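In what follows, residues are counted from 1 in the order of the sequence shown. Everything numeric here is computed off the predicted structure, so don't read it as measured data.
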Amino acid sequence: MNRSLAALLLCAIVSGCAIAPPHTGGALATADPAANDNLNAVAWTQNAVERDLVYLQTWRDAQGQLLAALHDPAWDALPASDRVAPSANLPAAVIVDVDETVLDNSPYQARLVRSGGAYNPDDWAAWCREQRARAVPGAVAFAQFAAQHGITIVYLSNRDQSLDTATLGNLRQVGLPVAGPEVFLGLGTVVNGCTQVGSAKGCRRQAVSRRYRVLMQVGDQLGDFVDAPQATTASYHATAERYLPWIGTRWFVLPNPTYGAWESAVSGGKSATSPAQRRKAKITSLRYD
């Protein structure tokens, strides 16, 4: 027995020190995964029963008020700026966002956590074309109830419009009613007489207003309901303040800790900052009393 091996054995016996196995190339099986700022949010989304209950509660609350809204001819869930045609005598609809509102894309986020990668349009489009997203709790029951009462579900999404076939296929696959291809309004939808700014949904809501009386809107971002003038936390709070009486009646908001406009708002409206800069902005935003 050579001196080096004897020393290692003595160390293990006397002090309990660990003897590292020889490195044979590649990552060690026991190596910890790289830190990822989104890990906790994605793990909560996929594992917390409370998350499922919040979704179920929200959709059930919306369903419980839907028929009262349907039978009130003055009821409309669109901001005045988006109501460009009178709602009287128009058929009823509910506007819903798609991602993290009716479809759960947490597996895509989990893949990014595992790979250490970041969102990019090509990988996102590939995930959408897989049509493997599951329905979130409560969404299918609500949408089917609405359809049974002659209420059209309009899917107003910031998925690119070119993903319409894949998205509609995924929606149908999980049991969500699809009245026709025209009920999917993705990013890039052309609305005559309205110029879209970035990914804002105002123009598309205006297009819906020409065809429907909107009973409710459901989403996971403030921009799913109304366009805010600036992408800052203060602006978002000020905009939401004007519509607080509509929350839980006309507008139903779902949680999404994994991504969203709130991140760029924390960074002062800058979406292209590095992970380290975003982390610093989030830490700076924290309250300690």
message = Quiz question: by atom type and distance under 3.5 Å, do the side chains of S209 and Q206 form a donor-acceptor pair?
response = no

message = V154 and side-chain contact (heavy atoms from CB on, under 4.5 Å): which single residue from V96, V94, V208 fits?
response = V208

query = Quick one: are D37 and P275 in side-chain contact, heavy atoms under 4.5 Å?
reply = no

key: By ring-ring contact (aromatic ring centres under 6.0 Å, His included) - contacts of H149 (at least two apart)   = F145

remark   = Sorted by chain and number, sequence neighbours left out, salt bridge (Lys or Arg N to Asp or Glu O under 4.0 Å) with R213 holds for none

ask   = Given the side-chain rings of Y236 and W262, with only the six-membered ring counted for Trp, is the space between their centroids under 6.0 Å?
value = no

ask   = Taking atom CG of L103 and atom OG1 of T101, what is their separation to the nearest 0.5 Å?
value = 9.0 Å

query = Would you say the side chain of V253 lies within less than 4.5 Å of the side chain of I247, judging by non-hydrogen atoms?
reply = yes

remark   = Of all heavy-atom pairs linking Q46 and S106, the shortest is NE2-OG, 3.0 Å

task = For D224, enumerate each residue passing the side chain to side chain donor-acceptor pair (under 3.5 Å) test, keeping only those at least two apart in sequence or located in another chain.
result = K201

inquiry  = Could you tell me if the side chain of R204 sits less than 4.5 Å from the side chain of V191, heavy atoms only?
reply    = yes

task = Please report the C-alpha distance between Y259 and Q109 in whole Å, then the side-chain angles of each, then the deciding distance to 0.1 Å, and finally whether the side chain to side chain contact (heavy atoms under 4.5 Å, CB included) criterion is met.
result = CA-CA 9 Å; Y259 66 88; Q109 299 296 328; 3.6 Å; yes

request  = With sequence neighbours excluded, give me every disulfide (SG to SG under 2.5 Å) pair touching residues 84-191.
outcome  = none

request  = Check whether the side chains of R159 and T167 place a donor and an acceptor atom closer than 3.5 Å, and report yes or no.
outcome  = yes

Side-chain donor-acceptor pairs under 3.5 Å in residues 52-64, sequence neighbours left out?
| residue | atom | partner | partner atom | Å |
| --- | --- | --- | --- | --- |
| Y55 | OH | E100 | O | 2.7 |
| Y55 | OH | P255 | O | 3.2 |
| T58 | OG1 | V54 | O | 2.8 |

ask   = Are Y212 and V102 linked, directly or through other ILVMFWY residues, by side chains that come within less than 4.5 angstrom of each other?
value = no

query = Measuring from N158:CG to L187:CG, what's the distance to the nearest 0.5 Å?
reply = 5.0 Å

Contact check, side chains of M216 and F252, non-hydrogen atoms, under 4.5 Å = yes

query = Would you find a donor on one side and an acceptor on the other, under 3.5 Å apart, between the side chain of Q144 and the backbone of A141?
reply = no

message = Please report the interatomic distance CZ(F225) to CD1(I95), rounded to the nearest 0.5 Å.
response = 10.0 Å

task = Measure from the side-chain N and O atoms of D160 to the backbone N and O of L163, and report whether any donor-acceptor pair falls under 3.5 Å.
result = no

Closest non-hydrogen atom pair between L70 and A92, with its separation = CD1-CB, 3.7 Å

query = If every non-hydrogen atom of V266 is compared with every non-hydrogen atom of A281, which pair is closest and at what distance?
reply = CG1-O, 3.5 Å

inquiry  = Any heavy-atom pair between the side chains of R51 and P257 that's under 4.5 Å?
reply    = no

ask   = Can you hop from L66 to L156 via hydrophobic side chains spaced under 4.5 Å?
value = no

request  = Please collect all salt bridge (Lys or Arg N to Asp or Glu O under 4.0 Å) contacts where either partner lies in residues 131-149, sequence neighbours excluded, each pair once.
outcome  = E130-R132

remark   = In short, disulfide (SG to SG under 2.5 Å) pairs touching residues 191-252 with sequence neighbours left out are C194-C203

request  = Supply the atom-to-atom distance E241 CD to H237 NE2, rounded to the nearest 0.5 angstrom.
outcome  = 10.0 Å

task = Please report the closest heavy-atom contact between A118 and L112, naming both atoms and the distance.
result = O-CD2, 3.8 Å

ask   = Is a side-chain N or O of N47 found less than 3.5 angstrom from the main chain of A43, in a donor-acceptor match?
value = yes

key: N256 and its side chain to side chain donor-acceptor pair (under 3.5 Å) partner, picked from D99, D220, T45   = D220

inquiry  = Do V140 and V218 sit in one hydrophobic cluster, given that two such residues count as connected whenever their side-chain heavy atoms are within less than 4.5 Å of each other, even indirectly?
reply    = yes

Rounded distance (nearest 0.5 Å) linking atom CZ of R250 with atom CD of Q65 = 10.0 Å

inquiry  = Within the 4.5 Å heavy-atom criterion, are F142 and I153 side-chain neighbours or not?
reply    = yes

key: Path from V84 to V214 over hydrophobic side-chain contacts below 4.5 Å   = no

inquiry  = Please enumerate all residues that pass side chain to side chain contact (heavy atoms under 4.5 Å, CB included) together with K280, with sequence neighbours excluded.
reply    = T284

inquiry  = Can a donor-acceptor pair be found, under 3.5 Å and without considering hydrogens, that links the side chain of W251 to the backbone of A77?
reply    = yes

note = Applying side chain to side chain contact (heavy atoms under 4.5 Å, CB included) to I283 and not counting sequence neighbours gives R279, Y288

remark   = Hits for side chain to side chain donor-acceptor pair (under 3.5 Å) against W127, two or more places apart or cross-chain, chain-then-number order -> N105

inquiry  = More than 12 heavy atoms of other residues, nucleotides or ligands under 6.0 Å from CZ of R111: yes or no?
reply    = yes

key: Derivation and outcome, side chain to side chain contact (heavy atoms under 4.5 Å, CB included), residues V226 and T239   = CA-CA 8 Å; V226 63; T239 300; 3.7 Å; yes

remark   = Here the side chain to side chain donor-acceptor pair (under 3.5 Å) pairs for residues 80-96, sequence neighbours left out, are D76-R83, D82-R205

key: Nearest atoms (heavy-atom pairs only) where L185 meets Q161   = C-OE1, 3.6 Å

ask   = Going by the disulfide (SG to SG under 2.5 Å) test, which pairs reach into residues 213-259, not counting sequence neighbours?
value = none

key: Residues L176, Y155; criterion side chain to side chain contact (heavy atoms under 4.5 Å, CB included); working and verdict   = CA-CA 10 Å; L176 288 158; Y155 301 93; 3.5 Å; yes

Donor-acceptor contact below 3.5 Å, side chain D227 vs main chain A200 = no

request  = Using the six-membered ring wherever Trp is involved, compare the ring planes of W124 and Y108 and label them parallel, tilted or perpendicular (cut-offs 30° and 60°).
outcome  = perpendicular

inquiry  = I need the minimum non-hydrogen distance between L78 and W246, along with the two atoms involved.
reply    = O-CH2, 3.5 Å

remark   = The reported gap from CG in L215 to OG1 in T152 (rounded to nearest 0.5 angstrom) is 10.0 Å

